[in-house]
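One structure is given below, encoded as structure tokens.
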Amino acid sequence: MEIVSVAIIGFACGAAFDLVFDRFYSDQAVTGPLYRCGACKTRATPLLMAPVLGFILHLGRCPDCRERLALRTLVLAPGAAGLFVASYLVFDEELGAGLLGGFFATIFLTLTMTDLERRLLPNRIVYPSILIAAALSWGWPDTSVVEILAGGAVAIAIATVLLLISLPFGANAFGFGDIKMIVLIGFVVGVPPVAVGIFIGTLTAGIVAAFLLVTRLRSRRDYIPHGPFLALGAIVAMFWGQDIWDEYRG
Ligand SMILES: [Zn+2]
């Protein structure tokens, strides 16, 4: 059963990202022993390091300092397993494409968690991911290398325009982290899906931001993360971008 192997690989990928999660931020050392609790950084036991199970068995709190453990521990490994399986099915059970799509979907899920947890889309994830995406541009079944590289170029152009438009809007505007994430989306999904991804990402972000402002759940000065919406747009574009584009073009 190939699909079970894909799910296990995805689970392991998400669990690995969860373990090194703090290392993605530039204020953390890249090397050193693994820890689960960001508050006390006590060297973790194997039981505490176990994905999902470690969180549940310790009731979501660090056994040493009783600080709450990050919710990403519950999300990343099962989420990645689900995304790998979805990718495998979307790419007609082609193993290579399924793993490639699963990997980048997991990158976007991880960026969602960093933006929610720390309001950051770390360079340590985004820059290497852009390089990996460009290097593996030949790996997609229905997208050529030229289409992928053109996607990167289009994304850089759109990101520049978005940045210029949003400069006067302050805190709720697009930041440099969002801009770099858009460039990553371009190099992952290529043309024309990059347009679909950015459209879905910015539209859903705008709708949710407008809802939060109108209902006064957030004020104009509050931070509203764009990363989760861009991640949603990226995953939809990667899986169904070409179909949506064809439908739109009639
Ligand atoms: Zn602790």
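Computed from heavy atoms alone, side chains included, the values below leave out hydrogens, waters and symmetry copies. Just so you know, ligand 1 is whichever comes first in the structure, and atom 1 is the first atom listed for that ligand.
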- Should the heavy atoms of other residues, nucleotides or ligands under 6.0 Å from CZ of Phe199 be counted, would the total exceed 12? no
The reported gap from CG in Leu131 to CZ in Phe187 (rounded to nearest 0.5 angstrom) is 9.0 Å
* **Within-4.5 Å side-chain heavy-atom neighbours: Val188 and Phe108** => yes
So, does Thr106 use its side chain to make a donor-acceptor pair with the main chain of Gly14 at under 3.5 Å? no
> Does Arg36 pair with Asp18 as a salt bridge, N-O distance under 4.0 Å?
Replying inline: yes
Excluding water, the protein N, O or S atoms sitting under 2.8 Å from the Zn ion (ligand 1) are Cys37 SG, Cys40 SG, Cys62 SG, Cys65 SG
Worksheet item: Crowded around Arg68 CZ? As in, over 12 foreign heavy atoms under 6.0 Å?
Response: no
